[in-house]
Amino acid sequence: MLADGRLLSNVVASQEVHAKWGGVVPELASRAHQEHIVPVVMEALDAAGLGKHDLTAVAFTRGPGLIGALLVGACFARSMAQALRIPLLAVDHVQAHIMAHFIDDGDGRPSPGFPFLNLTVSGGHSQLVLVRSPLDMEVIGSTLDDAAGEAFDKGAKVLGLPYPGGPLVDRYAREGDPRRFPLPKPAIPGLDLSFSGIKTAFVALVNREERYRPGFKEAARADLCASLQAAIIDHLMAKLRRAIRQYGVARIGVAGGVAANSGLRQRLQELAAREGVEVFIPPLAYCTDNAAMIAVAGRHLLEAGRTAPLDVVPLPRTN
Ligand code: KG4
Ligand code: ZN
């Protein structure tokens, strides 16, 4: 819940069901959304000290994402807007991740001035975006296959780590040698990204060694995690450096769940010092999926008069 741009509440339902199945099962994600949506909205209203009749607009994620989960949110938001006779705001999920920089929860942290270059790295997306204003964003590079978070999660899975594996890879990598298992450097022209080559090489390496030396993946876990993490970060940093030079930007934002990665954060600080750019990373709770970023994005749509019709449908893909 937002009031005059200030955050009043931000409730996130954790979806343990994904850990149990080692990844996101679309059908189970939809059911979890169905189960959680009413209690979560009620809890957010309670925490904000508001009743539903106090609301002046409702924002929801239109996409991209899993269609079943999107449908639950869209149907709920449409019904709410209709019943309360308030505007409906259809938010793009990837743009909303960028709006996490502007969540005002009163802690006074600085947000990037415009224009800035944003690296959006999550379980579903990896993009470089030139952000000229909250409603003027240009995607200048995008992954051609997997997302960065997906590469972390799939690498973790072959090591037998639970889903989502990114945070665990991060933790084990701190004690490992990133040079022990060299992985391929993706040769993708321009500012586009690619993680499937790193992932495939990593999975093949683990499976091959494990066949000859059972127990290898446990014994070499820290070095494997460090090598995987280094390969992913090297690729992200190479593209980021190229984009900084190409567009001459002075401010970098990072958003999405992978922004939590400690190795990436360290490399970003080094980059900031070397290239003379300022780096902005929202607090962790706003890097991973959250309601506050959707509300902030929705507020800009509302101010611009870009409300959605009540029959708006989800967009599972943007392209
Ligand atoms: O933004 P997010 O919560 O959800 C999507 O919109 O996808 O991002 C989740 C992704 C997962 O792939 C998770 O493994 C990854 O972010 N992640 C991390 C870390 N924390 C979360 N990856 C690497 N290191 C971390 N510390
Ligand atoms: Zn997300």
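Nothing here was measured: the structure is a model prediction, and the numbers come from that model. Order of listing sets the numbers, starting from 1, for every ligand and every atom in it.
Screening residues 278-287 for side-chain hydrogen bond (donor to acceptor under 3.5 Å, both in side chains), with sequence neighbours left out, gives Asp105-Tyr286.
A salt bridge is defined here as a Lys NZ or Arg NE, NH1 or NH2 lying under 4.0 Å from an Asp or Glu carboxylate O, and Glu27 with Arg31 meets this definition. A salt bridge links Asp170 with Arg174: at least one charged nitrogen is closer than 4.0 Å to a carboxylate oxygen. Glu275 and Arg241 are not joined by a salt bridge, as no carboxylate oxygen comes within less than 4.0 angstrom of a charged side-chain nitrogen.
For the Zn ion (ligand 2), the nearby protein N/O/S atoms, meaning those under 2.8 Å, are His93 NE2, His97 NE2, Asp289 OD1.
If you look at ligand 1, the protein residues with a non-hydrogen atom under 4.0 Å away are His93, His97, Ser122, Gly123, Gly124, His125, Gly149, Phe152, Asp153, Pro164, Gly166, Pro167, Asp170, Gly256, Gly257, Val258, Ala260, Asn261, Cys287, Thr288, Asp289.
Remark: of the listed residues Asp146, Val258, Leu161, Val258 is the sole one forming a side-chain contact (heavy atoms from CB on, under 4.5 Å) with Phe152.
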Taking only distance into account, with no hydrogens and no angle test, what donor-acceptor pairs under 3.5 Å do side-chain atoms of residues 176-188 form with protein atoms, sequence neighbours excluded?
residue	atom	partner	partner atom	Å
Asp177	OD1	Arg179	N	2.8
Arg180	NH1	Asp223	OD2	2.8

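Residues His97 and Asn118 bring no donor and acceptor atom of their side chains to less than 3.5 Å of each other. A side-chain donor-acceptor contact under 3.5 Å links Ser194 and Asp145.
Scanning all heavy atoms of the two residues, the minimum distance from Leu135 to Leu301 falls at CD2-CD2, 3.8 Å.
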